[in-house]
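I have placed the structure first, in the form of structure tokens, so that the comments after it can refer back to it.
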Amino acid sequence: MAEKMVFVTGATGFIGTTVVEKLLARGYRVRGMGRRETPVLPQGGITTMEKTFGHPNFEYCRGDVTDAKTLSDGIRGCQYVIHLAAYANNWARKRETFDQINMGGTQNVLQAIRDHGVEKAVLTSTIMTLGVTPPGKICDETLERTDGVYFTDYERTKRAAEQEIFRQVRTYGVPVVVVNPTRVFGPGQLSESNSVVKIMDMYERGIFPFLPNFGKNLGNYVLVDDVAEGEILALEKGRVGERYILGGDENITLRQLFEYVDEFRGRRGFKLPLWKFWPMVVGHSLNLFANCTGIYPAITPGWVKTFIHDAAFTPAKAERELGYRPTPLRESLKKAYDWMHSIEMK
């Protein structure tokens with residue numbers, strides 16, 4: 001199995017670079033697609049990319065999931081696919097950007113999988129598609145989302161993409177496994193996808209001491225290395241038509257996250273608990289300013305809503321069926337914290 005070719009979309013992204021590295025270490029041949037001319041990124045902390053993308057079993061192809069032809073050309077000859085490319089930001093100048101990349105791109109990937117007889121594919125979604133969890137309850141893949149209320153366009157379009165994936169599995173027998181990572185963080189890149197590390201840094205520097213809704217809502221946080229491992233385990237062992245939550249081993253509040261930072265640096269920082277009304281006011285104001293000026297907002301209403309609702313999940317199914325083993329949360333956060341201090345944060 002390890003001698004076959006894996007096509008990876010979003011290969012130069014936060015999760016993608018780690019997935020590629022782990023695939024190569026397992027002996028797979030990898031064809032990675034990205035939108036850049038070269039896969040080497042000039043960002044702080046990317047110290048292994050030249051070595052990884054210079055590997056003899058790796059080939060890079062420039063392309064975009066919204067371009068069906070280049071995507072199809074890239075997948076041709078590959079037995080497996082791991083689809084990671086997405087527009088995961090909180091805001092876009094044009095709302096249709098989310099639809100074009102997250103929904104349209106996924107449809108193109110599914111079509112290419114069917115056209116080229118791909119043996120198996122892993123399509124990456126997000127825990128956000130499952131919705132919020134009831135207070136005090138830790139949920140799994142069986143959580144049924146009955147509402148049509150979405151906090152962000154990212155959440156809305158990833159949910160639509162998921163529905164299309166499962167429709168094609170039922171209708172055409174497309175050999176797809178879906179994975180739902182929780183809040184991913186860790187060493188690698190300082191993109192918006194790694195916002196947890198950015199929050200840790202801003203809290204430590206006193207720029208973001210805020211605790212929306214008093215910092216009492218639960219969330220699940222997972223190390224990027226664990227997500228990458230889970231992607232590959234889903235490819236190797238996942239059941240077609242199933243979804244697997246790729247999360248950490250515990251759920252914590254934002255206040256607890258900041259307390260971990262306090263522990264790592266050896267002193268307590270100032271924290272400002274806020275009723276959820278005030279962060280929402282700031283989020284709406286910055287969002288309006290962004291829509292008028294095109295200047296990217298630091299926070300949006302959707303971002304605030306994400307942190308003032310519970311999203312407590314367990315990766316127990318992935319542990320049982322895939323052999324997934326998340327790193328203990330404190331160890332994961334310490335690894336991210338140490339990496340944060342080893343690079344120049346921007």
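One is the number of the first residue; the rest follow in order along the sequence. We use all heavy atoms of the structure for the numbers below, so side chains are in, but hydrogens, waters and symmetry mates are not. These numbers were taken from a predicted model, which means no experiment stands behind them.
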Enclosure of R35 CZ (heavy-atom neighbours >12, cutoff 6.0 Å): no
Between Y28 and Y80, what is the ring plane arrangement, given parallel below 30°, perpendicular above 60°, and tilted in between? perpendicular
Validation row: Q168, I113 side chains within 4.5 angstrom (heavy atoms): no
Separation between CZ of F270 and CZ of F258, rounded to the nearest 0.5 Å: 11.5 Å
Would you say D140's side chain and T142's backbone share a donor-acceptor pair under 3.5 angstrom? yes
Is E162 close to V178 at the side-chain level, that is, under 4.5 Å between some pair of heavy atoms? yes
Side chains of Y324 and K317, donor plus acceptor under 3.5 Å: no
For K216, does the NZ atom have more than 12 heavy-atom neighbours from other residues, nucleotides or ligands under 6.0 Å away? no
Do T171 side-chain atoms and R167 backbone N/O form a donor-acceptor pair below 3.5 Å? yes
Could you state whether V179 and F14 fall into the same hydrophobic cluster, counting links through intermediate Ile, Leu, Val, Met, Phe, Trp or Tyr residues with side-chain heavy atoms under 4.5 angstrom apart? yes
From the list R268, R330, K334, salt bridge (charged side-chain N to carboxylate O under 4.0 Å, His left out) partner of E263 resolves to R330
V65 and I101, any side-chain heavy atoms less than 4.5 Å apart: yes
Check the orientation of F210 and F208. Use parallel for under 30°, tilted for 30 to 60°, and perpendicular for over 60°. perpendicular
For residues 276-295, which residue pairs pass the ring-ring contact (aromatic ring centres under 6.0 Å, His included) check, not counting sequence neighbours? W275-F277
Any donor-acceptor N/O pair, R31 side chain to G74 backbone, under 3.5 Å: yes
Could you give the distance from CD1 (I165) to CD (Q107), rounded to the nearest 0.5 Å? 10.0 Å
What I'd like to find out is whether the side chain of V8 reaches to under 4.5 Å of the side chain of L84, using heavy atoms alone. yes
Does the side chain to side chain contact (heavy atoms under 4.5 Å, CB included) test come out yes or no for R243 and T129, once each step is laid out? CA-CA 12 Å; R243 74 160 81 241; T129 62; 4.1 Å; yes
Heavy atoms of E155 and T152 approach each other most closely as N-OG1, 3.0 Å
With a 3.5 Å distance limit and no angle check, can you tell me whether Q189 reaches the backbone of G13 through a side-chain donor-acceptor pair? yes
Taking C-beta and beyond as the side chain, do Y172 and L110 meet within less than 4.5 Å on heavy atoms? no
Rounding to 0.5 Å, atoms CZ (R159) and CD (E164) come to a distance of 13.5 Å
For G269, does its backbone N or O pair with a side-chain atom of D262 as donor and acceptor, under 3.5 Å? yes
Main-chain N/O of V197 paired with D201 side-chain donor or acceptor, under 3.5 Å: no
dist R29:CZ -> F58:CZ (nearest 0.5 Å) comes out at 13.0 Å
Nearest heavy-atom pair of P326 and E319: which atoms, and what distance? CD-OE2, 3.5 Å
Nearest heavy-atom pair of L123 and A121: which atoms, and what distance? CD1-CB, 3.9 Å
Any side-chain heavy atom of I199 within less than 4.5 Å of one from F307? yes
Linking I/L/V/M/F/W/Y whenever any side-chain heavy atoms sit under 4.5 Å apart, do I308 and L218 land together? no
Side chain to side chain contact (heavy atoms under 4.5 Å, CB included), that's the test. Do Y150 and R145 meet it? Break it down for me. CA-CA 11 Å; Y150 302 104; R145 182 168 191 166; 3.2 Å; yes
Shortest non-hydrogen pair, R255 vs P273, comes out as NH2-CG, 3.6 Å
Is the backbone N or O of R239 less than 3.5 Å from a side-chain atom of Y244, with the two atoms forming a donor-acceptor pair by type? yes
Would you say F98 and I299 are hydrophobically clustered, going by side-chain heavy atoms of ILVMFWY under 4.5 Å? no
Sub-3.5 Å donor-acceptor pair from the side chain of T124 to the main-chain atoms of H83, do we have one? yes
L254-I138 co-clustered via ILVMFWY side chain contacts under 4.5 Å: no
Indicate yes or no: at least one non-hydrogen side-chain atom of K305 is less than 4.5 angstrom from one of M280. yes
So if you build clusters from Ile, Leu, Val, Met, Phe, Trp, Tyr with side-chain heavy-atom gaps below 4.5 Å, do V169 and V118 land together? yes
Under a 3.5 Å distance rule, please check whether S195 uses its side chain to pair with a backbone N or O of K198 as donor and acceptor. no
Looking at CD of E21 and CZ of F53, how far apart are the two atoms once the value is rounded to the nearest 0.5 Å? 9.0 Å
Run the side chain to side chain contact (heavy atoms under 4.5 Å, CB included) check on N90 and T306 step by step: do they pass? CA-CA 11 Å; N90 287 315; T306 299; over 6 Å; no
Atom of T126, atom of N180 and distance for their closest heavy-atom approach: O-ND2, 2.9 Å
Side chain to side chain, I127 and I245, heavy atoms closer than 4.5 Å: yes
Of L71, V30, V109, the one forming a side-chain contact (heavy atoms from CB on, under 4.5 Å) with F7 is L71
Tell me if a side-chain donor or acceptor on Y337 pairs with a main-chain N or O of M200 at a distance below 3.5 Å. no
Would E204 and R265 count as a side chain to side chain contact (heavy atoms under 4.5 Å, CB included) here? Give the steps. CA-CA 9 Å; E204 185 172 60; R265 68 176 174 175; 3.4 Å; yes
Under the criterion salt bridge (charged side-chain N to carboxylate O under 4.0 Å, His left out), I'd like the reasoning laid out for E242 against R320: C-alpha separation, chi angles, the key distance, then a yes or no. CA-CA 13 Å; E242 293 290 324; R320 290 192 310 269; over 6 Å; no
Only residue of V122, V177, L23, T18 satisfying side-chain contact (heavy atoms from CB on, under 4.5 Å) with E231 is V122
Distance-minimising heavy-atom pair for N102 and Y87: OD1-N, 2.7 Å
Nearest 0.5 Å, what's the CZ-CG distance between F264 and D338? 8.0 Å
For a quick test of your reading: what N or O donor-acceptor pairs under 3.5 Å do the side chains of residues 219-226 make, sequence neighbours left out?
unit_1: N220; atom_1: OD1; unit_2: T182; atom_2: OG1; d: 2.9
unit_1: N220; atom_1: OD1; unit_2: G248; atom_2: N; d: 2.7
unit_1: N220; atom_1: ND2; unit_2: G248; atom_2: O; d: 3.4
unit_1: N220; atom_1: ND2; unit_2: N251; atom_2: OD1; d: 3.1
unit_1: N220; atom_1: ND2; unit_2: F313; atom_2: O; d: 3.0
unit_1: Y221; atom_1: OH; unit_2: R183; atom_2: NH1; d: 3.0
unit_1: D226; atom_1: OD1; unit_2: T327; atom_2: OG1; d: 3.0
unit_1: D226; atom_1: OD2; unit_2: T327; atom_2: N; d: 2.7
unit_1: D226; atom_1: OD2; unit_2: T327; atom_2: OG1; d: 3.1

Got a sec, which residues hit side chain to side chain donor-acceptor pair (under 3.5 Å) with R156, two or more places apart in sequence or on another chain? D99, D153
